[in-house]
Engineer: 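The structure follows.
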Amino acid sequence: MISWSEVSALALGVASLAALLCAALGGITILQRRHDTAGKLMGWSALTLLLGDAFHLIPRALEALTGLAPGLWGGVGRMLCAVAITVFCILLLLAWEALSGRKAGFYAEMLSRHSGGLRLLLCLGPIFYSLVSDGDPYAGAAEWTRLLLPGLRSVLLLVLAIDVARLYFKTRQDLPGLQMIWWLLLAAAGFETVSDLGGAWVPALAAAHAGTIVCLLAITLCFVRFTARHSGDIE
């Protein structure tokens, strides 16, 4: 008789494959239909999501299916996925500028550049325990230190997501088909905060990352639908 753990592992594997397939098809479709700057940015945002989650979801699915303990690739996958989400947000900002024909503004660009750059650096922090061969780097330290890096990463992601979402909200009437992006991005940042910060405290909360992927895939779908309505080759 099939156990619940085997069913959940199989479901994780199927969901992982579906997410990767959607991101791949979305990115390739956009790049094929649009050859302008906006199209390239939208397409590469989807492929960035694909690459980040390929390194994150596939090791998790294999670990669940084989029953192996999380190893080096699991830690590397989480790290690369966090980097990919940050790059995805930055590409969204650049895509907005290309689609709207406007500039984000000095303060918006400053916030995005600094918060995104600092988050990329913090994504390489030792909170990814699987990258440390000698065990938990926080062993014997106070509990709050375990939350320090994920807390900073979460705050920076929220700042970056709010900054970019604000731009899409301002022009939601000017870009038909992209009206949902602002709240999908905020929802994705919220889920990722629960996963990253909450997961360091309560491991079960790390599963909230699935909500992040759903929201980001929905943004990719918005780009695909927008591309289907507005195909252009203007640089």
Side-chain angles (χ1 to χ4, degrees), residues 19 23-24 26-28 30-31 34 36-56 77-125 128 149-150 152-172 175 178 180-193 195-197 209 211-224 226-227 235:
I28 293 171
I30 295 171
L31 290 174
R34 292 189 65 137
D36 59 331
T37 301
K40 292 174 184 177
L41 290 167
M42 290 188 292
W44 278 107
S45 67
L47 295 181
T48 296
L49 182 62
L50 164 68
L51 294 174
D53 279 325
F55 284 103
H56 176 65
R78 287 194 296 151
M79 180 178 68
L80 293 179
C81 184
V83 169
I85 290 173
T86 309
V87 174
F88 184 91
C89 292
I90 295 172
L91 290 176
L92 282 187
L93 171 62
L94 298 176
W96 177 86
E97 290 185 338
L99 289 168
S100 66
R102 309 179 187 181
K103 285 295 184 181
F106 175 78
Y107 292 107
E109 185 178 346
M110 180 184 67
L111 276 176
S112 299
R113 183 192 303 118
H114 292 168
S115 59
L118 286 174
R119 178 175 158 80
L120 287 175
L121 291 175
L122 290 175
C123 285
L124 304 176
F128 298 101
L149 278 178
L152 289 173
R153 283 201 306 267
S154 298
V155 169
L156 290 170
L157 178 61
L158 288 172
V159 170
L160 178 59
I162 291 172
D163 191 33
V164 177
R166 179 183 61 84
L167 299 174
Y168 279 91
F169 178 78
K170 284 172 54 179
T171 57
R172 64 191 184 282
L175 299 173
L178 302 182
M180 298 172 60
I181 284 184
W182 69 273
W183 69 263
L184 285 172
L185 183 57
L186 292 179
F191 279 118
E192 191 63 15
T193 297
S195 174
D196 199 14
L197 182 57
H209 178 71
T212 304
I213 300 306
V214 170
C215 292
L216 297 184
L217 285 176
I219 291 176
T220 297
L221 179 59
C222 289
F223 281 152
V224 172
F226 182 83
T227 299
E235 290 290 345

Engineer: Could you check whether any side-chain heavy atom of L92 comes within less than 4.5 Å of a side-chain heavy atom of Y168, counting everything from C-beta outward?
Structural biologist: yes
Engineer: Report yes if the side chains of F88 and L216 come closer than 4.5 Å at any heavy-atom pair, otherwise no.
Structural biologist: yes
Engineer: Please determine whether side-chain contact (heavy atoms from CB on, under 4.5 Å) holds for the pair F226 and R34, giving the CA-CA distance in whole Å, both sets of side-chain angles, and the decisive distance to 0.1 Å.
Structural biologist: CA-CA 11 Å; F226 182 83; R34 292 189 65 137; 3.6 Å; yes
Engineer: Would you say L157 and C89 make side-chain contact, with heavy atoms under 4.5 Å?
Structural biologist: yes
Engineer: Would you check if L47 and L31 make a side-chain contact, meaning some heavy-atom pair closer than 4.5 Å?
Structural biologist: yes
Engineer: According to side-chain hydrogen bond (donor to acceptor under 3.5 Å, both in side chains), who are the partners of T86, at least two apart in sequence or on a separate chain?
Structural biologist: R119
Engineer: Is the shortest side-chain heavy-atom distance between L99 and M42 below 4.5 Å?
Structural biologist: yes
Engineer: Do the side chain of S195 and the main chain of F191 share a donor and acceptor less than 3.5 angstrom apart?
Structural biologist: no
Engineer: Mind checking side-chain contact (heavy atoms from CB on, under 4.5 Å) for V87 and listing every partner two or more places apart, or none if nothing turns up?
Structural biologist: T48, V83, L91, L120
Engineer: When rounded to the nearest 0.5 angstrom, what distance separates CG in D196 from CZ in R153?
Structural biologist: 4.0 Å
Engineer: Under the ring pair (Phe, Tyr, Trp, His ring centres under 6.0 Å) rule, collect the residues that match up with W44, sequence neighbours excluded.
Structural biologist: none
Engineer: Which heavy atom of G190 sits nearest to which heavy atom of L158, and what is that distance?
Structural biologist: N-CD2, 4.5 Å
Engineer: Please identify each residue that fulfils side-chain contact (heavy atoms from CB on, under 4.5 Å) with C222, with sequence neighbours left out.
Structural biologist: L178, M180, I181, L184
Engineer: Measure the spacing between SG of C215 and CG of L185 and express it to the nearest 0.5 Å.
Structural biologist: 9.0 Å
Engineer: What residues, two or more places apart in sequence or in another chain, satisfy side-chain contact (heavy atoms from CB on, under 4.5 Å) together with L118?
Structural biologist: L156
Engineer: Apply side-chain hydrogen bond (donor to acceptor under 3.5 Å, both in side chains) to S115 and list each qualifying residue two or more places apart in sequence or on a separate chain.
Structural biologist: none
Engineer: Under the rule for side-chain hydrogen bond (donor to acceptor under 3.5 Å, both in side chains), what residues qualify as partners of E109, not counting sequence neighbours?
Structural biologist: R113
Engineer: Would you say the side chain of L160 lies within less than 4.5 Å of the side chain of L111, judging by non-hydrogen atoms?
Structural biologist: no
Engineer: Rounded to the nearest 0.5 Å, what separates atom NZ in K103 from atom CH2 in W96?
Structural biologist: 10.0 Å
Engineer: A24: what forms a side-chain contact (heavy atoms from CB on, under 4.5 Å) with it, not counting sequence neighbours?
Structural biologist: L50
Engineer: Salt bridge (charged side-chain N to carboxylate O under 4.0 Å, His left out): which pairs involve residues 82-96, sequence neighbours left out?
Structural biologist: none
Engineer: Please identify each residue that fulfils side-chain hydrogen bond (donor to acceptor under 3.5 Å, both in side chains) with R102, with sequence neighbours left out.
Structural biologist: D174
Engineer: How far does OG of S45 sit from CD1 of I219, to the nearest 0.5 angstrom?
Structural biologist: 8.5 Å
Engineer: Taking side-chain hydrogen bond (donor to acceptor under 3.5 Å, both in side chains) as the cut-off, I'd like each qualifying pair that reaches into residues 182-192, sequence neighbours left out, listed once.
Structural biologist: E192-H209, E192-T212
Engineer: Grab the two heavy atoms, one from A108 and one from D163, that are nearest each other, plus how far apart they are.
Structural biologist: O-OD2, 2.5 Å
Engineer: Please determine if R166 forms a cation-pi arrangement with F169, meaning its NZ or CZ atom is less than 6.0 Å from the six-membered ring centre and no more than 45° off the ring axis.
Structural biologist: no
